[in-house]
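Structure first, commentary second.
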Amino acid sequence: RLKSENKFEFTYGKVEVRAKLPSGGGTWPAIWMLGANYDQTGSTWPACGEIDIMEHKGNQPNVIYGTLHYPGVSPGGGNSGNTTITNATSDFHIYSAIWSPTSVQIFVDGTLFHSVANTNSLPFNHDFFLILNVAMGGDFGGTIDPTFTQSNMEIDYVRVYQ
């Protein structure tokens, strides 16, 4: 896991990550952002906000999810969209989000696949930090293939434009 908490936190901009995803049933790679105030009284999850730029289920190869979590839609599925790409685990793809005071837009290889209007009532108007990780199993990742031995998520670059 890589995270920028207390190293780089920001409000609004374009986030771009070029990555090749792990393969195997039960893998759950994610490129996401969490509200930097998550540990403050009254701002616990989902009140702090979460922007999932990319989540992938190894049990659903090539389906890419983008989700926003905030009060009223989480816990639960969140405000989510998905798209299908080719070769998510064998080729690099660019996963990105454009986050502004008016919207959060999520893209794969420059193609928009999910957009949410941002308002003052949503928790997407303060500092966030980045997290890149690979989890295994869980509610989202699903059953881990009993023959699974290893895999990895390769990151070419992470860029934030403001």
Side-chain angles (χ1 to χ4, degrees), residues 1-19 21-22 26-85 88 93-109 111-144 153 155 158-162:
R1 172 179 73 169
L2 299 172
K3 67 179 186 169
S4 70
E5 182 180 18
N6 298 320
K7 296 172 181 71
F8 180 70
E9 297 169 352
F10 63 102
T11 304
Y12 310 133
K14 179 179 180 180
V15 177
E16 190 175 87
V17 179
R18 186 170 183 263
L21 306 182
T27 58
W28 174 8
I31 299 168
W32 55 296
M33 299 165 48
L34 186 64
N37 63 346
Y38 76 95
D39 60 348
Q40 297 171 9
T41 303
S43 292
T44 58
W45 191 91
C48 63
E50 177 178 324
I51 301 170
D52 297 323
I53 299 169
M54 182 287 303
E55 288 184 289
H56 180 257
K57 300 177 184 185
N59 289 316
Q60 276 187 324
N62 299 316
V63 178
I64 305 301
Y65 291 85
T67 306
L68 276 67
H69 296 278
Y70 52 90
V73 300
S74 297
N79 186 333
S80 188
N82 66 69
T83 189
T84 301
I85 62 173
H93 293 273
I94 298 172
Y95 304 97
S96 58
I98 297 176
W99 169 35
S100 76
T102 59
S103 68
V104 179
Q105 299 175 309
I106 302 174
F107 303 79
V108 176
D109 294 329
T111 300
L112 176 69
F113 74 93
H114 190 54
S115 183
V116 175
N118 190 11
T119 66
N120 288 334
S121 65
L122 294 178
F124 303 113
N125 298 294
H126 59 87
D127 278 355
F128 276 63
F129 60 90
L130 289 162
I131 304 171
L132 288 74
N133 70 288
V134 178
M136 294 296 296
D139 291 341
F140 193 81
T143 302
I144 299 170
M153 178 166 63
I155 304 297
V158 177
R159 296 178 179 156
V160 176
Y161 303 90
Q162 289 188 286

Q: Check whether any side-chain N or O of Trp99 sits under 3.5 Å from a backbone N or O of Phe124 as a donor-acceptor pair, and report yes or no.
A: yes
Spacing of [atom1] belonging to [X] relative to [atom2] belonging to [Y], to within rounding of 0.5 Å:
{"X": "Phe140", "Y": "His56", "atom1": "CZ", "atom2": "NE2", "answer": "9.5 Å"}
{"X": "Asp109", "Y": "Ile64", "atom1": "CG", "atom2": "CD1", "answer": "9.5 Å"}
{"X": "Gln105", "Y": "Lys14", "atom1": "CD", "atom2": "NZ", "answer": "10.5 Å"}
{"X": "Ile106", "Y": "Asn82", "atom1": "CD1", "atom2": "CG", "answer": "11.0 Å"}
{"X": "Phe107", "Y": "Tyr95", "atom1": "CZ", "atom2": "OH", "answer": "15.0 Å"}
{"X": "Leu34", "Y": "Asp39", "atom1": "CG", "atom2": "CG", "answer": "9.0 Å"}

| message | Under the criterion side chain to side chain contact (heavy atoms under 4.5 Å, CB included), I'd like the reasoning laid out for Met54 against Val17: C-alpha separation, chi angles, the key distance, then a yes or no. | response | CA-CA 10 Å; Met54 182 287 303; Val17 179; over 6 Å; no
Residue pair [X] / [Y]: nearest heavy atoms and the distance that separates them:
{"X": "Ala19", "Y": "Ile31", "answer": "CB-CD1, 4.3 Å"}
{"X": "Lys3", "Y": "Glu5", "answer": "NZ-OE1, 2.9 Å"}
{"X": "Thr27", "Y": "Pro22", "answer": "OG1-O, 3.9 Å"}
{"X": "Pro46", "Y": "Ser74", "answer": "CG-O, 3.4 Å"}

For the pair Phe10 and Met33, evaluate side chain to side chain contact (heavy atoms under 4.5 Å, CB included) and give the outcome as yes or no after the intermediate values.
-> CA-CA 10 Å; Phe10 63 102; Met33 299 165 48; 3.8 Å; yes
TODO: Carefully, step by step, assess Leu2 and Val158 under the rule side chain to side chain contact (heavy atoms under 4.5 Å, CB included).
DONE: CA-CA 11 Å; Leu2 299 172; Val158 177; over 6 Å; no
Verdict with supporting geometry, Lys57 and Tyr65, side chain to side chain contact (heavy atoms under 4.5 Å, CB included) | CA-CA 9 Å; Lys57 300 177 184 185; Tyr65 291 85; 4.0 Å; yes
Side-chain donor-acceptor distances from residues 125-139 under 3.5 Å, at least two apart:
| residue | atom | partner | partner atom | Å |
| --- | --- | --- | --- | --- |
| Asn125 | OD1 | Tyr12 | OH | 2.7 |
| Asn125 | OD1 | Asn118 | ND2 | 3.1 |
| Asn125 | ND2 | Asn118 | OD1 | 3.4 |
| Asn125 | ND2 | Thr119 | O | 3.0 |
| Asn125 | ND2 | Leu122 | O | 3.3 |
| His126 | NE2 | Cys48 | O | 3.2 |
| His126 | NE2 | Pro123 | O | 3.0 |
| Asp127 | OD1 | Thr11 | N | 3.4 |
| Asp127 | OD1 | Thr11 | OG1 | 2.6 |
| Asn133 | OD1 | Trp32 | NE1 | 2.6 |

Thr102 meets the side chain to side chain donor-acceptor pair (under 3.5 Å) criterion, sequence neighbours left out, with Ser100
When Asn79, Thr83, Thr67, Asp52 are each screened for side chain to side chain donor-acceptor pair (under 3.5 Å) with His114, the one that passes is Asn79
